Amino acid sequence: MSTLYIRLPSKAAADSLPADSAFDCQFALAADNGAIEREGSAALSQLGDAIAAAQRVVLLLAASDVTLLQIQVPPLSASRLKAALPNLVEEQLMSDPAECTLVAGPALEGMRTVAVVNRAWLEKIAHMTLALGARSIVALPLQLCLPYQPETVAAAIAEYGMSLDMDLAVRTSEQEGMGLSLLPELPEAGAQEALQTLCALVPQAAIALYVPQARVAAYQAAAVAAGQDERIALFADHWPHWITGIKSVPFNLAAGLGSAGGPGLRLQKWRWPLTLAALVLLVNIIGMNVEWLRMQREAGSLRAGMIQTYKSVYPNETAILDPIAQMRQKITVARHQAGQAAPDDFISLAAQFGEAWQSVMQGRTTPGIAALEYGERSLLVRLKPEGEPPTEAMQAALAARNLSLTPKDANVWQIRSTK
């Protein structure tokens with residue numbers, strides 16, 4: 001799984017460009033093991049292929065765009081902490097908290113680090129990245145991505161192309177850092193002014209300073225001229241130390257945007273499969289409705305035919321609700337009037353049961369029959385509680401006579417006709 005790291009210029013530097021110009025970003029495409037596969041500098045709009053190919057996009061926000069506040073927060077749930085953050089940081093901000101994205105880090109000795117960034121700027125960058133095909137976005141403050149070493153302040157200076165804009169990032173502790181946008185009066189004095197500002201922010205501690213590789217000599221000369229060459233250790237800026245530092249950042253500023261910072265539903269590549277699925281579903285729905293209408297008409301024709309047949313046999317019958325059931329009832333009544341017994345009459349059930357009982361009980365004396373009861377077109381046989389009832393043998397014998405046996409209790413059988 002590859003990750004694309006994008007180091008963004010500050011909002012001030014981007015705003016200083018002409019309206020038709022795009023700001024350049026430093027980027028690196030790295031594998032899971034941290035190996036750099038590709039790196040360079042390009043406008044964000046030109047990174048569409050790299051963004052779409054990466055499983056995750058990490059945006060490094062300029063340190064001057066992110067304010068880190070240390071506040072004391074009572075124990076609160078995640079939802080309550082999110083609702084309380086604007087009130088907790090309001091007095092420390094010069095802007096309206098409603099215009100900012102606020103994300104709190106984990107509690108450390110009763111204190112929390114709260115990252116604050118302009119919401120409109122972060123949403124603009126997030127929407128641009130998502131529009132280019134990003135699957136997952138992580139936004140981090142640049143100052144906390146610097147390598148942390150106890151008793152040493154880490155700092156980095158970024159210079160934006162041919163302009164005079166510079167961005168200074170400083171990490172003073174594990175959870176604290178700051179950033180400033182610099183605008184030197186003369187390009188040749190940029191390194192000197194940047195070091196003066198850095199020394200003013202960090203007056204005593206040792207400093208590990210990362211600068212563009214092409215400018216290491218210029219900053220080394222400025223450090224010697226300022227007499228700070230022993231306190232400031234200069235290193236060429238490169239991606240591996242940023243990737244290592246990113247792993248320790250405890251929060252994601254993109255999460256503070258809510259749904260606006262999440263990847264949208266990318267339906268473009270699913271357009272034809274979804275269209276085909278919709279057409280298949282439509283054809284099936286139409287086919288099912290046509291079949292249902294055909295079967296409904298067929299059922300209506302069959303019922304009309306049965307009613308016509310019933311009326312032809314019984315012309316005096318006026319109420320016809322269920323012609324099949326009523327015809328069966330009429331046939332049963334006619335058989336009774338002709339002296340024929342129905343298969344589920346008491347006499348028929350008792351006679352068939354008696355024949356089966358005699359065939360099964362040959363050579364046996366137990367159990368005996370205690371009582372016979374008839375009701376609901378079934379014969380209820382109660383056996384005497386002596387001996388083992390020959391249930392299976394009786395079921396086989398009755399099945400040959402179109403009768404079924406259902407045990408209702410240990411010594412009770414229910415006999416029904418299966419005709």
Side-chain angles (χ1 to χ4, degrees), residues 277 280-281 283-419:
V280 171
L281 181 62
V283 169
N284 278 275
I285 291 175
I286 294 174
M288 290 174 62
N289 279 275
V290 170
E291 182 67 14
W292 178 80
L293 290 173
R294 185 190 66 79
M295 295 180 68
Q296 189 180 40
R297 286 196 298 268
E298 184 177 347
S301 299
L302 289 173
R303 180 175 175 81
M306 289 187 292
I307 292 176
Q308 186 64 32
T309 302
Y310 185 83
K311 284 183 176 181
S312 64
V313 178
Y314 303 103
N316 297 327
E317 193 75 24
T318 56
I320 305 176
L321 301 178
D322 188 345
I324 296 178
Q326 290 177 239
M327 179 69 77
R328 287 175 178 172
Q329 185 179 11
K330 294 287 187 181
I331 292 173
T332 301
V333 172
R335 285 178 176 174
H336 276 286
Q337 290 176 351
Q340 297 181 9
D344 54 3
D345 283 348
F346 172 74
I347 296 176
S348 298
L349 293 176
Q352 296 290 337
F353 172 73
E355 292 178 4
W357 178 262
Q358 288 181 357
S359 65
V360 170
M361 294 300 293
Q362 287 182 359
R364 297 182 59 174
T365 57
T366 59
I369 297 176
L372 294 177
E373 299 178 7
Y374 179 79
E376 298 181 358
R377 298 183 179 181
S378 66
L379 183 68
L380 208 63
V381 180
R382 299 187 182 275
L383 305 176
K384 294 180 180 179
E386 50 188 32
E388 184 69 21
T391 303
E392 294 182 2
M394 281 298 297
Q395 285 177 333
L398 291 173
R401 294 169 172 78
N402 297 319
L403 298 177
S404 65
L405 185 152
T406 304
K408 305 299 288 184
D409 202 347
N411 296 302
V412 179
W413 292 343
Q414 185 178 40
I415 313 297
R416 288 184 179 274
S417 172
T418 57
K419 287 186 178 180

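Atom set for the values below is all heavy atoms of this structure, side chains included, hydrogens, waters and symmetry mates excluded. Keep in mind it's a predicted model, so treat the numbers as computed, not measured.
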Original post:
Which residue pairs pass the ring-ring contact (aromatic ring centres under 6.0 Å, His included) test with at least one member in residues 359-404, sequence neighbours excluded?
Top reply: Phe346-Tyr374
**OP:** Grab the two heavy atoms, one from Ser417 and one from Leu403, that are nearest each other, plus how far apart they are.
**Re:** CA-CD2, 3.7 Å
Original post:
Which residues pass the salt bridge (Lys or Arg N to Asp or Glu O under 4.0 Å) test with Arg401, sequence neighbours left out?
Top reply: Glu355
Original post:
Side chains of Thr406 and Arg416: closer than 4.5 Å at any heavy-atom pair?
Top reply: no
Original post:
How would you list all residue pairs meeting salt bridge (charged side-chain N to carboxylate O under 4.0 Å, His left out) that involve residues 403-413, not counting sequence neighbours?
Top reply: none
List the atom pairs, with distances to 0.1 Å, where a side-chain N or O of residues 293-304 and a protein N or O form a donor-acceptor pair under 3.5 Å, not counting sequence neighbours.
from	atom 1	to	atom 2	distance (Å)
Arg294	NE	Glu291	OE1	3.3
Arg294	NH1	Glu298	OE1	3.1
Arg294	NH2	Glu291	OE2	2.5
Ser301	OG	Arg297	O	3.0
Arg303	NH2	Leu321	O	2.8

Compile the donor-acceptor pairs under 3.5 Å between side chains in residues 377-397 and protein atoms, sequence neighbours left out, one pair per line.
from	atom 1	to	atom 2	distance (Å)
Ser378	OG	Gly375	O	2.9
Ser378	OG	Gln414	NE2	3.3
Arg382	NE	Glu373	OE2	2.9
Gln395	NE2	Leu405	O	3.2

**OP:** Give the minimum heavy-atom separation between Ala319 and Gln326, together with the two atoms involved.
**Re:** O-NE2, 3.1 Å
Original post:
Which value, rounded to the nearest 0.5 Å, describes the distance between Trp357 atom CH2 and Ile369 atom CD1?
Top reply: 4.5 Å
Subject >> Qualifying ring-ring contact (aromatic ring centres under 6.0 Å, His included) pairs with a residue from residues 392-419, counting only residues at least two apart or across chains >> reply: none
**OP:** Please list all pairs passing the ring-ring contact (aromatic ring centres under 6.0 Å, His included) test where one or both residues lie in residues 305-326, with sequence neighbours left out.
**Re:** Tyr310-Tyr314
**OP:** Please report the shortest heavy-atom distance between Pro315 and Ser312, naming the atom on each side.
**Re:** CD-O, 4.2 Å
**OP:** Identify, with sequence neighbours excluded, every residue that meets side chain to side chain contact (heavy atoms under 4.5 Å, CB included) alongside Val280.
**Re:** Leu276, Asn284
